[in-house]
*Asks:* 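The structure follows.
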Amino acid sequence: MNDLERMRHSAAHVMAEAVLDLFPKAKLGIGPPIEDGFYYDLDLPRSLTPDDLAAIEERMRAHIAADERFESEVFPTREAALDHFAGQPYKEELIRDLPEGEAISLYRNGPFVDLCRGPHVASTSEIGAIKLMSVAGAYWRGDEGRPMLQRIYGTAWPTQAELDAYLVLLEEARKRDHRKLGRELGLFYFNEEVGAGIPLFSPKGEQLRYQMERYVREAQTRHGYEHVWTGHLVKESLYRRSGHWDNYADVMFPPMIDEEVTFRLKPMNCPSHMTLYNEMGVHSYRDLPLRLAEFATLYRYEISGTLSGLTRVRALTQDDCHIFCTEEQIQEEFSRCLHLVTEVLETYGLTDYRVQLSLPGGEGKYVNDPEKWEKAIAALRASLDANGVAYDAAEGEAAFYGPKADFMAKDALGREWQLSTIQVDFIQPARLGCEYIGEDSAAHTPVVLHRAVTGSTERFLGVIIEHFAGAFPVWLAPVQAKLIPIADRHLPYMQEVAAKLAAAGIRAEVDSSNNRMNNKIRAAQVQKIPYMLVAGDRDIEGGAVSVRLRSEEQLGAMKIDDFIAFITPIIETKSLDLKEARAAKEAAAVG
RNA sequence: GCCCAUGUAGCUCAGUUGGCAGAGCACCUCCUUGGUAAGGAGGAGGUCUCGGGUUCGAGUCCCGACAUGGGCUCCA
């Protein structure tokens, strides 16, 4: 535990102390330090209000000012500890769950005593600047079958200046929230009547989707993948056979029941792709690997409380792929996936991600076939290691059919989202009867790698909106150039320029509103349009436009053809810069 | 799904103790025709999320639904 965590942990104690001042009968849960702050879970006689938070914060300041020393004590026996915390059911449970032989200690500051392993600061006066942030419901031990406690979140920093800086940072993050920018830039909307979690994309939003998907499709083709299409509805019986019905039923939309058959909206593609594989005829080992990719819109009945903007929706478009291969081919295919994934993430400038090896946990949703799991996990680890990928392992995060390598990126508010994923599946192909004929002329079951590059178009868009703060690179920008005439008499010229740009494949719009040029520039700036092309008498005379960048830089007058020649390589190389094309990369080895 | 908060014009938000529905921006019209982040004047726009209830009277109080937002093991 570092100094900051220790201080925040102590702040959590002081917060519990303050709550007890106001609610002497409160039952205490746990109160750990967390990233940026701390929380404490409490069972209280009534719901807390914002006013309560202010009162608690005030009491905390009093305890901090009182310079209460933290002192620890070790209970001689578990019974002594239980005795001491009698009437505190959550603490009693914690004590009972502590492993045999571990010392059970308490920490005391002023009148407050808490079961605690420590460590703490020497005295409450060492707690710096604090602020209580929010109240939330939290199930005891994260189990929805257990009571819901009230969790108070707070933040604590060594100095007031650091606290203020943190609050400013939070404010900045809110400004780049993709939900806010999505509305401001007119990209997508939600509507009650259409349904929660189903985004409606405007022409600008769809332009973004189109560019993103076009890019991945092009990259996939270049990397040796083929595209398929398998529809939106599937008979439920297929999901019963694949095992999804057992593991995924609560995430599927309710069934559509015809007289004889029951359909489901497709929540994933694997069974469809495996069925397609089977329909495509007898496969020879010489045909493998077979890489079937699809941009598939899936429907998942995510529980209402988890829906959030574009990052968790009920209609999502996956850039999914299933690679049918032999066991020997796993590593090479994994490397191929990895090259594709890293190329794409790099194009977007998304370099702040971590890789998580998602393993099965103790609980029961995982298919019970230890031998195959072991093989799959070994193959995945070997592939990660062979490619020198640093990763941490997370138990309980695997798919029900296999382990995953997940690429996790953070949004503006620091929340992590899974984008790319590569999964090894030894289970489903057998269930769905996939086969290939081996060298030995006998039938074998292929291994399937499941793989998504951007994950889902919607979530990835949400993440890159925040990543770019809405100022998209030129190749993605829904409107690449805004044409701004200085006076109305320049409008016909601007229409001509727009036509020329359109002919060159550049997305340009003329601002023909009855506003002054200054106002039009401001409007284009606010919309974060990369280029503003201004023209008045002087420019028209030379067949030019005056180029302004959204960075506020002026490039001066440029002939139309020169502007086209200037912008085209920037678009084609998917440059992240407004003035320079991306430097040509040394030919990447593509298997 | 569960806890808490919120829901007023396209957007951001005021709205007093229950007593005629408001502002800024955006939009429309007119004036202005300008050289790199908001020119001026006027106008239109609301079933106060929806459904019940209390009341002479509800945007305001109560109940329910829906939606949105913050959360729901980072383990004493």
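Lettering follows sequence order; numbering is per chain, from 1.
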*Asks:* At a cut-off of 3.5 Å, list every protein nitrogen or oxygen paired with a nitrogen or oxygen from nucleotides 39-41 of chain B, distance to 0.1 Å.
*Replies:*
from: B:rG39; atom 1: OP1; to: A:N519; atom 2: ND2; distance (Å): 3.0
from: B:rG39; atom 1: O4'; to: A:R516; atom 2: NH1; distance (Å): 3.2

*Asks:* Measure OH/A:Y90 against C1'/B:rU73 and give the value in whole Å, please.
*Replies:*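 From A:Y90 OH to B:rU73 C1': 15 Å.
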
*Asks:* List in chain and number order the residues that pass ring pair (Phe, Tyr, Trp, His ring centres under 6.0 Å) with A:W417, two or more places apart in sequence or in another chain; answer none if no residue qualifies.
*Replies:*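 Scan of A:W417 (ring pair (Phe, Tyr, Trp, His ring centres under 6.0 Å), adjacent residues dropped) gives none.
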
*Asks:* Heavy atoms only, 4.0 Å cut-off, all strands: where does A:M148 land among base, sugar-phosphate and nothing?
*Replies:*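 The residue A:M148 makes base contact.
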
*Asks:* Taking atom P in both B:rA23 and B:rA44, compute the distance separating them and give it to the nearest angstrom.
*Replies:*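 Those two atoms are separated by 12 Å.
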
*Asks:* Name the closest nucleotide to the A:R117 side chain, picking from B:rG35, B:rA37, B:rC75.
*Replies:*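 From the listed options, B:rC75 comes nearest.
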
*Asks:* With respect to the side chain of A:S47, which nucleotide from B:rC4, B:rG35, B:rC72 is positioned closest?
*Replies:*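 Minimum distance to the A:S47 side chain belongs to B:rC4.
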
*Asks:* Between the base of B:rG10 and the side chain of A:Y189, is there a donor-acceptor distance below 3.5 Å?
*Replies:*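 No, the side chain and the base share no sub-3.5 Å donor-acceptor pair.
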
*Asks:* What distance do A:L106 atom CG and A:F85 atom CZ have between them, rounded to the nearest 0.5 Å?
*Replies:*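 Separation between the atoms: 5.5 Å.
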
*Asks:* Only counting residues at least two apart or in another chain, list the ones meeting side chain to side chain donor-acceptor pair (under 3.5 Å) with A:D97.
*Replies:*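 In terms of side chain to side chain donor-acceptor pair (under 3.5 Å), with neighbours along the sequence ignored, A:D97 is linked to A:R141.
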
*Asks:* Taking only Lys NZ, Arg NE, NH1 and NH2, and the carboxylate oxygens of Asp or Glu, determine whether A:R108 and A:E71 approach each other closer than 4.0 Å.
*Replies:*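 So A:R108 does not pair with A:E71 through a salt bridge.
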
*Asks:* So which one's nearest nucleotide on RNA chain B is more toward 5', A:R183 or A:Q525?
*Replies:*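 Between the two, 5'-proximity favours A:R183.
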
*Asks:* I want to confirm an ordering. Mapping A:S546 and A:E184 to their closest nucleotides on RNA chain B, which one lands closer to the 5' end?
*Replies:*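 It is A:E184, whose closest nucleotide lies nearer the 5' terminus.
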
*Asks:* Rounding to an integer number of Å, can you tell me how far A:L555 CG sits from B:rG35 C1'?
*Replies:*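 Between C1' of B:rG35 and CG of A:L555: 16 Å.
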
*Asks:* With a 3.5 Å cut-off and sequence neighbours excluded, list the donor-acceptor pairs that the side chains of residues 476-488 of chain A form with protein atoms.
*Replies:*
from: A:Q480; atom 1: OE1; to: A:R507; atom 2: N; distance (Å): 2.8
from: A:Q480; atom 1: NE2; to: A:V474; atom 2: O; distance (Å): 2.9
from: A:K482; atom 1: NZ; to: A:E509; atom 2: OE1; distance (Å): 2.8

*Asks:* Atom CZ of A:R550 to atom P of B:rA37: distance rounded to whole Å?
*Replies:*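 In whole Å, B:rA37 P and A:R550 CZ are 17 Å from each other.
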
*Asks:* Does A:Y153 place a side-chain N or O at less than 4.0 Å from the phosphate oxygens OP1/OP2 of B:rA5?
*Replies:*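 For A:Y153, the contact criterion (side-chain N or O under 4.0 Å from OP1 or OP2 of B:rA5) is not met.
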
*Asks:* With heavy atoms under 4.0 Å as the rule, sort A:A103 into base, sugar-phosphate or nothing.
*Replies:*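 Touches a base.
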
*Asks:* Report the residues that fulfil side chain to side chain donor-acceptor pair (under 3.5 Å) with A:E172, sequence neighbours left out, ordered by chain and then residue number.
*Replies:*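 If we apply the side chain to side chain donor-acceptor pair (under 3.5 Å) test to A:E172, skipping adjacent residues, the hits are A:K175.
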
*Asks:* Rounding to an integer number of Å, can you tell me how far A:D511 CG sits from B:rU33 P?
*Replies:*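 Whole-Å distance recorded here is 18 Å.
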
*Asks:* Over how many whole Å does the gap from A:L533 atom CG to B:rU36 atom P extend?
*Replies:*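 Nearest whole value for this atom pair: 16 Å.
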
*Asks:* Considering only the C1' atoms, how many Å lie between B:rG10 and B:rU16, rounded to the nearest integer?
*Replies:*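 Going atom to atom, C1' in each nucleotide, I get 28 Å.
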
*Asks:* Rounding to an integer number of angstrom, what distance separates B:rU68 and B:rC11 when you compare their P atoms?
*Replies:*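 Between the two P atoms, the distance is 15 Å.
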
*Asks:* Please list, chain by chain and in numerical order, all residues satisfying ring pair (Phe, Tyr, Trp, His ring centres under 6.0 Å) with A:F407, sequence neighbours excluded.
*Replies:*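 Counting only residues at least two positions away or on another chain, A:F407 forms a ring pair (Phe, Tyr, Trp, His ring centres under 6.0 Å) with A:Y353.
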
*Asks:* Using atom P in both nucleotides, what's the gap between B:rG51 and B:rA38 to the nearest angstrom?
*Replies:*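 So the two P atoms sit 44 Å from each other.
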
*Asks:* So what does A:D539 hit on the nucleic acid, given a heavy-atom distance under 4.0 Å: a base, only sugar-phosphate, or nothing?
*Replies:*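 Base contact.
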
*Asks:* What is the separation between atom CG on A:L98 and atom C1' on B:rC75, rounded to the nearest whole Å?
*Replies:*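 Value for this atom pair: 11 Å.
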
*Asks:* Taking the P atom of each, how far is B:rA37 from B:rG1, in whole Å?
*Replies:*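 One P to the other, the span is 49 Å.
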
*Asks:* Give each protein N/O atom lying under 3.5 Å from an N/O atom of nucleotides 59-68 of chain B, with the pair distance.
*Replies:*
from: B:rC66; atom 1: O2'; to: A:E192; atom 2: OE1; distance (Å): 3.1

*Asks:* Once you apply a heavy-atom cut-off of 4.0 Å, does A:Q88 come out as touching a base, just sugar-phosphate, or nothing?
*Replies:*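 The answer is nothing, as A:Q88 stays clear of every strand by at least 4.0 Å.
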
*Asks:* Please work out which of the three classes, parallel, tilted or perpendicular, describes the rings of A:W157 and A:Y166, given edges at 30° and 60°.
*Replies:*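 Geometry flag for A:W157 against A:Y166: tilted rings.
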
*Asks:* So A:A138, base contact, sugar-phosphate only, or nothing? Heavy-atom distance under 4.0 Å.
*Replies:*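 Sugar-phosphate contact only.
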
*Asks:* Once you apply a heavy-atom cut-off of 4.0 Å, does A:D114 come out as touching a base, just sugar-phosphate, or nothing?
*Replies:*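 Answer is nothing: A:D114 stays at 4.0 Å or more from every strand.
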
*Asks:* Examine distances only and state if a side-chain atom of A:T297 and a backbone atom of A:L316 form a donor-acceptor pair shorter than 3.5 Å.
*Replies:*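 Not confirmed, A:T297 side chain does not pair with A:L316 backbone.
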
*Asks:* For A:K520 and B:rC25, give me the distance from atom NZ to atom P, rounded to whole Å.
*Replies:*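 Nearest whole value for this atom pair: 19 Å.
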
*Asks:* Tell me whether the rings of A:F201 and A:F188 are parallel (<30°), tilted (30 to 60°) or perpendicular (>60°).
*Replies:*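 Ring orientation of A:F201 relative to A:F188: tilted.
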
*Asks:* Does B:rC74 have OP1 or OP2 sitting under 4.0 Å from an N or O in the side chain of A:R8?
*Replies:*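 Looking at the OP1 and OP2 atoms of B:rC74, neither is under 4.0 Å from any side-chain N or O of A:R8.
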
*Asks:* Between B:rG70, B:rU73, B:rU33, which nucleotide gets closest to the side-chain atoms of A:A487?
*Replies:*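 The listed nucleotide nearest to A:A487's side chain is B:rU33.
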
*Asks:* Holding to side chain to side chain donor-acceptor pair (under 3.5 Å), I want the full list of residues that pass it with A:T49, two or more places apart in sequence or in another chain.
*Replies:*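 Expected list: A:D52.
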
*Asks:* I want to check one thing: is the phosphate of B:rU33, taken as OP1 and OP2, less than 4.0 Å away from some side-chain N or O of A:R489?
*Replies:*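 Answer is no, no contact under 4.0 Å.
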
*Asks:* By nearest atom, which of the nucleotides B:rG35, B:rA38, B:rG1 is closest to the A:Y139 side chain?
*Replies:*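 The nucleotide sitting nearest to the side chain is B:rG1.
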
*Asks:* For A:Y239, enumerate each residue passing the ring pair (Phe, Tyr, Trp, His ring centres under 6.0 Å) test, keeping only those at least two apart in sequence or located in another chain.
*Replies:*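 For A:Y239, no residue satisfies ring pair (Phe, Tyr, Trp, His ring centres under 6.0 Å) once neighbours in sequence are set aside.
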
*Asks:* Among B:rU36, B:rA37, B:rG71, which is the nearest nucleotide to the side chain of A:R522?
*Replies:*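 So the nucleotide nearest the side chain must be B:rA37.
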
*Asks:* Tell me every residue that passes ring pair (Phe, Tyr, Trp, His ring centres under 6.0 Å) with A:H178, counting only those two or more places apart in sequence or in another chain.
*Replies:*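 For A:H178, no residue satisfies ring pair (Phe, Tyr, Trp, His ring centres under 6.0 Å) once neighbours in sequence are set aside.
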
*Asks:* What is the separation between atom CG on A:D52 and atom C1' on B:rC4, rounded to the nearest whole Å?
*Replies:*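 Rounded to whole Å, this separation is 12 Å.
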
*Asks:* Only Watson-Crick and G-U wobble pairs, only distances under 3.5 Å, only runs of 3 or more: what stems does that leave for RNA chain B?
*Replies:*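 Stems found: B:1-7 with B:66-72, B:10-13 with B:22-25, B:27-31 with B:39-43, B:49-53 with B:61-65.
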
*Asks:* Base, sugar-phosphate, or nothing for A:L149, non-hydrogen atoms under 4.0 angstrom?
*Replies:*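 No contact.
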
*Asks:* Determine the Euclidean distance between corresponding C1' atoms of B:rC62 and B:rG40; express it in Å to zero decimal places.
*Replies:*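 After rounding to an integer number of Å, I get 49 Å for this pair.
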
*Asks:* Once side chain to side chain donor-acceptor pair (under 3.5 Å) is applied, do any residues pair with A:R489, and if so which ones, sequence neighbours excluded?
*Replies:*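 Partners of A:R489 by the side chain to side chain donor-acceptor pair (under 3.5 Å) criterion, ordered by chain and then number, come out as A:D537.
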
*Asks:* Could you give the distance separating B:rG15 and B:rG45 at their P atoms, to the nearest angstrom?
*Replies:*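 So the two P atoms sit 25 Å from each other.
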
*Asks:* Parallel, tilted or perpendicular, judged at 30° and 60°: which one describes the rings of A:F566 and A:F563?
*Replies:*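 Tilted: the ring planes of A:F566 and A:F563 meet at 30° to 60°.
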
*Asks:* Among B:rC72, B:rC75, B:rG34, which is the nearest nucleotide to the side chain of A:I30?
*Replies:*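 Output: B:rC75.
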
*Asks:* How is A:S105 classified with respect to the nucleic acid when contacts are heavy atoms under 4.0 Å: base, sugar-phosphate, or nothing?
*Replies:*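 Answer is base: heavy atoms of A:S105 come under 4.0 Å of a base.
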
*Asks:* A:R538 has a side chain; which of B:rC3, B:rA37, B:rG35 sits nearest to it?
*Replies:*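 Closest nucleotide among those given: B:rG35.
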
*Asks:* Taking the same atom, C1', in B:rA26 and in B:rU12, what whole-Å distance lies between them?
*Replies:*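 Going atom to atom, C1' in each nucleotide, I get 11 Å.
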
